[in-house]
Structures are given as structure tokens and as C-alpha cells.
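In each ligand, atom 1 is the first atom listed, and ligand 1 is the first ligand listed. We're numbering straight along the sequence, starting at 1. Quantities reported herein were computed from a predicted structural model and do not represent experimental measurements.
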Amino acid sequence: MKVVHFGAGNIGRGFIGLLLSQSGYEVVFVDVSDELVSRLQEKQQYVVNLANDEREQIVVSGVTAINGKEPERVAEAVAQADLVTTAVGVNVLKHIAEGIARGIEKRLESGGAGPLHVIACENAIGGSTQLKEHVYERLNEELRSKADAIVAFPDAAVDRIVPIQHHEDPLMVTVEPYCEWVVDRSRMLPGARPIQGVHYVDELEPYIERKLFTVNTGHCCAAYLGYIYGYGTIQDSMADAGIVAKVQAVLEETGAMLIGKYGFDRTEHEQYVAKIVGRFQNPHLTDEVVRVGRSPIRKLSPNDRLVRPALQLYEMGTAPVHLAGAMAAALLFDYPEDPEAQEIQAEIRANGLAAAISKFTAIGEEHPIHRSVIREYERLQRLAVRK
Ligand SMILES: NC(=O)c1ccc[n+]([C@@H]2O[C@H](COP(=O)([O-])OP(=O)(O)OC[C@H]3O[C@@H](n4cnc5c(N)ncnc54)[C@H](O)[C@@H]3O)[C@@H](O)[C@H]2O)c1
Ligand SMILES: O=P(O)(O)OC[C@@H](O)[C@@H](O)[C@H](O)[C@H](O)CO
């Protein structure tokens, strides 16, 4: 069996490619990094290091790659694939849609291929659904109708911390031991071959919201506060008791929302949170705050890890003061090498903080959360370590 996986990056090699190889798939990566592609074609294997006391190493074999800048080869691979997965970044999905669309078209023309599942493994709500929209925009009505019968885009949640890598071997990847991949079974076609290690559920929303609004909300809070206080890594940030307290306070807010919305058991959720805080503090990993805080426009957007839980908690009758503080910290993330961070700073300079908050969070100036963000921004600004 063959999987075409878009994105031979950290999570692509460190989690999805590893799991699919162990599940019996030949993994054909698609990437636009010439170095990654040529190395994968040459070596056809790579090493995954588990960041634990034992420092286990896993050799992932049966892999190769296609360059995403060769659309004909990409389309042919999709046409012949048994599965397609992605880990490119939710904002990159529109750039891989053409190759998937042309591959589906070839698959339909050949008439022989079986059902195809396309699973976006991105930190986003409805990643595969968003990818389907991008792909279907590139198919005519007849092809869309035919594709409905043989192609499905089940949404998923993926969880494994994989930092930016610094190895002599550019294919080697060091990952935390923990991993979880949850897929929405309700959107799958009959006869789908289960992937070993995947947790299939009939309702994904509780899982993706619990993951995004616990792991990723806590993570970006640690990153943005760590950046303000001058720490370079999540490990250093999470060694600061004041920051840990703020992360805990934010996760109490998202926890209250998740427990209220989905009826999670409070004790079990508290244990889930405690495990995640321990994962952030893993001494065997070095995770840069500028990775975890990357793309702050995406992270401040209405359906992502800060605004969506804050608005849902507010609607439940609780003021999300700590989530407002995390939003303020995100607005102070002025890392020069992050284009989205620079866009936010330019907007604040050009039109002021109030307008920038509304622009990036879609929260109006009359909303109490908007006022909280301003108050927290002004408090944190006085504390920020000058870079
Ligand atoms: N790293 C983690 O801890 C982690 C964990 C869970 C989920 N995720 C999610 O996984 C996705 C990827 O994150 P990552 O950390 O692996 O990032 P990454 O930058 O390491 O990997 C992304 C890869 O996509 C490639 N790419 C970019 N444009 C492309 C294109 N047009 N066609 C093909 N490949 C393209 C890049 O060259 C890169 O190799 C994101 O949605 C992220 O939120 C990351
Ligand atoms: O990948 P992002 O930019 O959405 O978020 C950064 C990190 O929080 C994220 O990569 C986590 O390491 C990962 O989601 C853990 O499962």
C-alpha cells in the first residue's frame, strides 16, 4: 500500500510518516524543499529519536519523495495512492490542492482505483474539510459529483511535540514519546483500511477542541510569555513559576469551557492538563519559543486556540481574563523573522492597538474581551524584556 504525504517536515517525518510506515505503507513524501526531497530519494529511510531517558531510535524505511514543484508526478502519485495525508500548515493547504485535484481527475479517468481518503493532519479545526473546499474549487461539477463516490476528506487531530531540528543529518528527527492521531470515522467511505495507531471516533469535535484548546492554547501562552520575559525555549519558560501559573490559569479557563460544553470528567481533564504541562517541560527536548509562537495571526484568528475558547467561555458566563492576557502576549510577539508577527506590529503602529485587536481577532471594540486585551497588553508591555 502507498500513501502520498504532503509535508516531509517535523511532524510529517516525526509522526505521520513513521506511523504509516509502521502500518505497512510505502510513504511517498511530497515537499518543496529540494534538499529534503533529494535526501529522501537517495536514502529511502530516516531515523526518529524518542526524547526519553532510553533515547530509543526508530529507523523509518520504505520512504521516498516527489518534488512538489513537479505537478505531473504529484498528480500521478495521488491517482495511484491508497491514502493521502498532509502536514504542511493549514495556510498551505490551498497550495497543494491543485496536485490533489489533478490526481483525483486522473483516478476517475482510469476508473480502476478504489476509495481514497485524504486526511489533513494540521493544527486546525476542520483541516480536511478546508482542504476539500480548496480541491473541489479545482474540479468541475461532473468531477465533483464522481469524486464524492470514491474520495473522502475525514477531519483529524494530531498531537506530538516535534521541535525545530538541529541534526547533522537533515532527515533525522527528535520527537517526544507521546503521540495521538484521532480521525473522524463518520466521514469515511466503506471498506477503508484502518491505520494502525489511529484512534477512530464518530464525533471529532470534542477531541480536536480538547487538543487545540489545551495543548496548543497552553503551548502558545508559554511561548508568548516566555518571549516577553526573554526566554529562548519552552523548557526555560516553563521553568519560571510565574509563567507556569499563568499557563495553568489559561488552561483552567479552557478546561471550564470544555467541561461545560462536552461534559468531560473534571478529574480526568485535570489529569490531561497535568500531563500536558509535563510534556511542555520535557528536559530531553529543546523547543524554541519562536516555533511554538510562530504565525501569531493564525493563532489569534477567530477559530483558533485563543479567541474561539475565549468567546465560548464568555458565552457560558465567565470572563476569559487569562485568555485575554494570552491574546495580549501574542500581540507583543514581535519576532523579526516571523512575517505574521511583523504584520501585526505594523498594523499596531499604523492604526493603533484597538484596531489591530479587532482586525486579527474579529472581536469588536465594544466587547468586554477587547477591553481586557488592551488592559493586559498595557500591563505586559511594561514587563517586556527589551530585545
Ligand atoms: N511540530 C509539531 O509539534 C506539530 C504537532 C502537531 C501538528 N503540527 C502541525 O503539522 C503541520 C506541519 O507542522 P511542522 O511542525 O511539521 O512544520 P514544518 O515546517 O516542519 O513542515 C512543513 C513542511 O511542509 C513543506 N511544505 C511547505 N509548502 C509546501 C507545499 N506547497 N507542498 C509540499 N510541501 C510543502 C515544508 O517544506 C516543510 O517541510 C502544521 O499544521 C502544524 O501545526 C505540528
Ligand atoms: O504547529 P503550530 O504552529 O500550530 O503550534 C505550535 C505548537 O504548539 C505545536 O506544533 C505543538 O507542538 C503540537 O501541536 C503538539 O501536538
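A search for side-chain contact (heavy atoms from CB on, under 4.5 Å) contacts involving Ala354 returns Glu365, His370, Ile374, not counting sequence neighbours. Remark: Asp169 engages no residue in a side-chain hydrogen bond (donor to acceptor under 3.5 Å, both in side chains) (not counting sequence neighbours).
Side-chain rings of Phe153 and His117 stay apart, their centers remaining 6.0 Å or farther from each other. His5 and Tyr25 have their aromatic ring centers separated by at least 6.0 angstrom.
Under a 4.0 angstrom heavy-atom cut-off, Gly68 registers as lying outside contact with ligand 1. Remark: distances from the non-hydrogen atoms of Cys121 to ligand 1 include one below 4.0 Å. Under a 4.0 angstrom heavy-atom cut-off, Arg294 registers as being in contact with ligand 1.
Ion pair Glu76/Arg73 not flagged as a salt bridge, since none of the NZ, NE, NH1 or NH2 atoms sits closer than 4.0 Å to an Asp/Glu carboxylate oxygen. Checked for salt-bridge contact, Lys106 and Glu109 miss the test: no charged N lies under 4.0 Å from a carboxylate O.
Interface of Val30 with ligand 1, defined as ligand atoms under 4.0 Å from a residue heavy atom, comprises 33 (C), 34 (N). Near Ile161, meaning under 4.0 Å from any of its heavy atoms, are these atoms of ligand 1: 3 (O). Atoms of ligand 1 found under 4.0 Å from any heavy atom of Gly89 (numbered from 1 in listed order, with element): 11 (C), 40 (C), 41 (O). Every atom of ligand 1 is numbered from 1 in the order shown, and the set under 4.0 Å from a heavy atom of Ile96 is 30 (C), 31 (N), 32 (N).
Ligand 1 has a nitrogen or oxygen under 3.5 angstrom from a nitrogen or oxygen of Arg291.
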Within the protein, flag every N or O under 3.5 Å from an N or O of ligand 2, and note the pair and distance.
residue  : atom   : partner : partner atom : Å
ligand 2 : 1 (O)  : Asn123  : ND2          : 3.3
ligand 2 : 1 (O)  : Arg294  : NH2          : 2.7
ligand 2 : 3 (O)  : Arg294  : NE           : 2.8
ligand 2 : 3 (O)  : Arg298  : NH2          : 2.7
ligand 2 : 3 (O)  : Lys299  : NZ           : 2.9
ligand 2 : 4 (O)  : Asn123  : ND2          : 3.2
ligand 2 : 4 (O)  : Arg298  : NH1          : 2.8
ligand 2 : 4 (O)  : Arg305  : NH1          : 3.1
ligand 2 : 4 (O)  : Arg305  : NH2          : 2.9
ligand 2 : 5 (O)  : Lys299  : NZ           : 3.4
ligand 2 : 5 (O)  : Arg305  : NH1          : 3.1
ligand 2 : 8 (O)  : Asn216  : ND2          : 3.1
ligand 2 : 8 (O)  : His219  : ND1          : 2.8
ligand 2 : 10 (O) : Arg291  : NH1          : 2.9
ligand 2 : 12 (O) : Arg291  : NH2          : 2.9
ligand 2 : 14 (O) : Asn123  : ND2          : 2.8
ligand 2 : 14 (O) : Lys211  : NZ           : 2.7
ligand 2 : 14 (O) : Asn216  : ND2          : 2.8
ligand 2 : 16 (O) : Asp159  : OD1          : 2.6
ligand 2 : 16 (O) : Arg160  : N            : 3.1
ligand 2 : 16 (O) : Lys211  : NZ           : 3.2

Would you list the atom pairs, donor with acceptor, under 3.5 Å between side chains in residues 264-271 and any protein atom, with sequence neighbours excluded?
residue : atom : partner : partner atom : Å
Asp265  : OD2  : Thr267  : N            : 3.1
Asp265  : OD2  : Glu268  : N            : 2.8

